[in-house]
Amino acid sequence: MRTPPEPPAYGGRTTRVEDAVATVLRQWQDVYPDLDFGPVAVIGRLNRCAALLQQVTETPLGREGLSRPEYDILIALRRVGGELTPGRLARETFASGAAVTKRIKLLEERGLVSRRPDGRDRRVSHLRLTDEGRALVDRVLPEQLAYETGLVSGLPEARREELAGILGELLLLLEGRLGALSG
């Protein structure tokens, strides 16, 4: 039976703490001892981390009444500058067109995003931040970055850089095998 690897000891700590996915791995190994659950060790942890990071109620985003996907739209518009079409915004935020449409509607109702019809093609619209939307991003972005820094500060900087590099490699691999979401 394969057992999950011991977590590295940081700062002299050697107490073994088991994450939720390690427990799941042990349970599956008891049920199917001949199967390799190695992918679950990676993908399960990525999914669990993503789910935890989506819980924004006590974050700067939550205090502003924003979901992470709504924030992603606002910061994409701020980062790129100018106007974006809904299709381009979907590619920038790795979201479906339907999801972007729904989020844009909510952000328009809040006065954070405005829409301008295309002069040549009435089916196309151009989206931009309103002054209120720009002010919100400029106010929340530093707070959110500080919050996110705090979340990962328990890992030494070298380990964070290593993790970012490994995740970048995995992203390139998945985009190559599964097709880039922006294509």
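None of these values were measured; they are calculated from a predicted model.
- Considering only residues two or more places apart in sequence or on other chains, E83 meets the side chain to side chain contact (heavy atoms under 4.5 Å, CB included) condition with R116, H126, R128.
- Of all heavy-atom pairs between R115 and S125, the closest is NH1-OG, 3.1 Å.
- Taking OG1 from T130 and CG from L112, the interatomic distance works out to 5.5 Å, rounded to the nearest 0.5 Å.
- Among residues two or more places apart in sequence or in another chain, the side chain to side chain contact (heavy atoms under 4.5 Å, CB included) test is passed with D121 by D118, R123, V124.
- For E92 against A76, the heavy-atom pair with the smallest separation is CB-CB, 4.2 Å.
- Atom CZ of R48 is surrounded by 12 or fewer heavy atoms from other residues, nucleotides or ligands within 6.0 Å.
- Hydrophobic clustering, with ILVMFWY side chains joined whenever heavy atoms are under 4.5 angstrom apart, groups W28 together with L35.
- Going from atom CG of L174 over to atom CD1 of I43 covers 7.0 Å, rounded to the nearest 0.5 Å.
- Here D72 pairs with R68 in a salt bridge; the nearest charged N to carboxylate O distance falls below 4.0 Å.
- Ion pairing between a basic and an acidic side chain is recognised when a charged N comes within 4.0 Å of a carboxylate O; E143 and R139 show no such pairing.
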Exercise for the section: Just do the side-chain contact (heavy atoms from CB on, under 4.5 Å) check on V42 and L170 with the steps written out, would you? Expected result: CA-CA 10 Å; V42 174; L170 178 61; 4.3 Å; yes
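- What you find for D36 and G38 is that their closest heavy atoms are OD1-N, 2.8 Å.
- With hydrophobic clusters built from ILVMFWY side chains whose heavy atoms lie under 4.5 angstrom apart, L178 does not share a cluster with L171.
- For E162 and R159, the salt-bridge test passes: some basic side-chain N is under 4.0 Å from an acidic carboxylate O.
- The nearest pair of heavy atoms linking R110 to E64 is NH2-O, 2.9 Å.
- Among all heavy-atom pairs drawn from E70 and L66, the shortest one is OE1-CA, 3.5 Å.
- With sequence neighbours excluded, the residues forming a side chain to side chain contact (heavy atoms under 4.5 Å, CB included) with P69 are Q54, S67, R103, listed by chain and number.
- Salt bridge present: E18 and R26 bring a charged side-chain N and a carboxylate O closer than 4.0 Å.
- Rounded to the nearest 0.5 Å, atoms CD1 (I75) and CG (D138) are 12.0 Å apart.
- Both V80 and V100 belong to a single network of hydrophobic side chains, linked directly or stepwise wherever heavy atoms of I, L, V, M, F, W or Y lie under 4.5 Å apart.
- Here the straight-line distance linking atom CG of L127 with atom CZ of R88 works out to 12.0 Å at 0.5 Å rounding.
- Shown here is R177, whose CZ atom has no more than 12 heavy atoms of other residues, nucleotides or ligands within 6.0 Å.
- A continuous path of hydrophobic side-chain contacts links V31 to V21 [ILVMFWY only; heavy atoms under 4.5 Å].
- In this structure, L141 is a member of the same hydrophobic cluster as V113, with clusters built from ILVMFWY side-chain heavy atoms closer than 4.5 Å.
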